[in-house]
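Just so it is clear, the structure is predicted and the values come from calculations on it, not from any experiment.
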Amino acid sequence: MSGNFTTIGVEGVAWGTKAATLTRGIEAETTSKPSPNVEHTPSTGMRPGFSGEADDRHTTNTRGGTYDLMFDLLSKSHSMVLGGFATPVITTPVGATNARLHTITVANGTLPSQSIHDGVELLSGTVDHVDVLGAKLREFKLAVSPRGNVKATASYDYRTLDTAASSVTPSYASSPYVFRDDDVTTTLGGTAICQRGIDLTIPSGLEPRKDRICAGGFEESQSKATITPTGTLNHDLASFGHLDDWLAGTSRSLVFYIEGPEIEATFPYFLRITFAAVKFNGNAYERSLAETTGQPIPWKATQVSGSPIALIEYQTTDTAI
């Protein structure tokens, strides 16, 4: 069995200070890893006897990096990842005993700071450890293909990488449900539509890296930028209704509802992502001699007064994130 694993935790002290609890196991894809931002800056001054860059006049700047965490969406233990947008508000639905609703409102403001831990199996079979510190969520993606699992990607910008980290013991949810394509209902303008595939991206509004002349070389970023979720609906052409919506600039509500088995009577596991309004960026139709005419529709979310740009609801049995 492989000794590789990934855990995450919320940094409660300060940005870039390792989370006190870093044991939440995320069953990540093997492609999940950090990409450090390393910049080599040789001295440009003249020096006799050198035809190339002087080795002892070479500076290296390592200033943070990125981390893409890819995984199958489960019915438990993923509120901490979704909580990269904002700390989830946890409530018990009226009439429920074991179900908990985790609500995340996507908006500009202070983004939680997280630590990510990688256990990496070496050639010898031993496991070494890396801490990614000061991770801030840049965007969250979902992708679904027919006959496939619901795939999630959380992309982070981080502050520092510690390659001499202490080991941790990952903790995993007991018997979670793996959400699949046939668990997904897409509702556009109040009408359910059948899709050939789903992709959506929700950015956090994280501002670009704040390079500064100060200790560490850059400062903590927050959600300041305009948040514009995007995606593509891809379904069989039933009418010219959505083409007319594009031509007229008409907005429609868009909801992705991913439902698993019941936790208890009338309270299922689910993930629901709601966009109060989306506008189509344009595409007409794709005719074919071999299959049904299709209509891929790129869209972007716009904000309706009184509603968030995106609302994420995750119903699970987890009593904490």
Inset, instruction - Give the intermediate values and the outcome of side chain to side chain contact (heavy atoms under 4.5 Å, CB included) for residues Glu11 and Leu133. - result: CA-CA 9 Å; Glu11 297 177 351; Leu133 304 176; 4.1 Å; yes

Inset, instruction - Apply the test side chain to side chain contact (heavy atoms under 4.5 Å, CB included) to residues Phe5 and His117: give CA-CA distance (whole Å), side-chain angles for both, the deciding distance (0.1 Å), then the verdict. - result: CA-CA 8 Å; Phe5 66 90; His117 180 97; 3.6 Å; yes

Closest approach of [X] to [Y] (non-hydrogen atoms, all atoms of both residues):
X      : Y      : value
Pro268 : Gly260 : CB-O, 3.8 Å
Ala135 : Ile116 : CB-CD1, 4.1 Å
Thr186 : Gln195 : OG1-NE2, 2.7 Å
Ala277 : Val304 : CB-CG2, 3.6 Å
Ala99  : Thr92  : O-CG2, 3.8 Å
Ala86  : Ile104 : O-CG2, 4.0 Å

Legend entry - Heavy atoms of other groups near Lys224 NZ, more than 12 under 6.0 Å: no

Inset, instruction - Verify the neighbour count for atom NZ of Lys151: are there more than 12 heavy atoms of other residues, nucleotides or ligands below 6.0 Å? - result: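 Enclosed: over 12 neighbouring heavy atoms sit under 6.0 Å from NZ of Lys151.
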
So [Y] and [X], do their side chains get closer than 4.5 Å, heavy atoms only?
X      : Y      : result
Thr105 : Phe85  : no
Ile258 : Thr185 : no
Leu188 : His242 : yes
Ile90  : Asp318 : no
Tyr67  : Ser35  : no
Ile321 : His102 : yes
Ser75  : Phe179 : yes
Leu137 : Leu206 : no

Inset, instruction - Assess Arg63 against Phe218: is NZ or CZ under 6.0 Å from the centre of the six-membered ring, and within 45 degrees of the ring's axis? - result: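 Geometry flag: not set, cation outside 6.0 Å or 45°.
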
Keeping the roles fixed (side chain from [X], backbone from [Y]), state whether a donor-acceptor pair exists under 3.5 Å.
X      : Y      : value
Gln222 : Glu207 : no
Thr274 : Val255 : no
Thr7   : Leu22  : yes
Arg100 : Thr97  : yes
Trp15  : Glu220 : no
Ser115 : Ala19  : yes
Tyr314 : Lys76  : yes

Which value, rounded to the nearest 0.5 Å, describes the distance between [X] atom [atom1] and [Y] atom [atom2]?
X      : Y      : atom1 : atom2 : value
Ile8   : His78  : CD1   : NE2   : 8.0 Å
Thr91  : Glu313 : OG1   : CD    : 9.0 Å
Ser166 : Asp131 : OG    : CG    : 7.5 Å
Thr316 : Ile263 : OG1   : CD1   : 6.0 Å
Thr87  : Met80  : OG1   : CE    : 10.5 Å
Ile297 : Asn234 : CD1   : CG    : 9.0 Å

What pairs of donor and acceptor atoms, side-chain ones from residues 139-149 against any protein atom, are under 3.5 angstrom apart with sequence neighbours left out?
from	atom 1	to	atom 2	distance (Å)
Asn149	OD1	Arg180	NH1	3.0
Asn149	ND2	Asp72	OD2	3.0

Identify whether the distance between the nearest side-chain nitrogen and carboxylate oxygen of [X] and [Y] falls below 4.0 Å.
X      : Y      : result
Arg272 : Glu259 : no
Asp157 : Lys136 : no
Asp236 : Arg196 : yes

Inset, instruction - Decide yes or no on side chain to side chain contact (heavy atoms under 4.5 Å, CB included) for Thr187 and Ile193, but give the supporting numbers first. - result: CA-CA 6 Å; Thr187 304; Ile193 59 174; over 6 Å; no

In residues 286-293, what donor-acceptor pairs under 3.5 Å come from side-chain atoms, sequence neighbours left out?
from	atom 1	to	atom 2	distance (Å)
Ser288	OG	Ala290	N	2.9
Ser288	OG	Glu291	N	3.2

Legend entry - Partners passing salt bridge (Lys or Arg N to Asp or Glu O under 4.0 Å) against Lys300 (at least two apart in sequence or in another chain): none

Legend entry - Hydrophobic cluster partners of Val178 (side-chain heavy atoms under 4.5 Å):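 Reading the cluster by chain and number, Val178 sits alongside Leu74.
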
Legend entry - Other cluster members, Tyr257 - Ile/Leu/Val/Met/Phe/Trp/Tyr, side-chain contacts below 4.5 Å: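 Noted: Tyr257 shares its cluster with Leu101, Phe270.
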
Legend entry - Evaluation steps, side chain to side chain contact (heavy atoms under 4.5 Å, CB included), between Leu111 and Ser113: CA-CA 6 Å; Leu111 294 172; Ser113 178; over 6 Å; no

Inset, instruction - Verify the cluster assignment for Tyr269 and Leu82: are they in a single hydrophobic cluster under the rule of side-chain heavy atoms below 4.5 Å apart? - result: yes

Would you say the side-chain atoms of [X] and [Y] include a donor-acceptor pair closer than 3.5 Å?
X      : Y      : answer
Ser251 : Lys279 : yes
Thr317 : Asn98  : no
Tyr156 : Asp68  : no
Thr226 : Thr228 : no

Legend entry - Aromatic plane relationship, Phe275 with Trp299 - under 30° parallel, 30 to 60° tilted, over 60° perpendicular: tilted

Inset, instruction - Applying side chain to side chain contact (heavy atoms under 4.5 Å, CB included), name anything that partners Val13, two or more places apart in sequence or on another chain. - result: Thr17

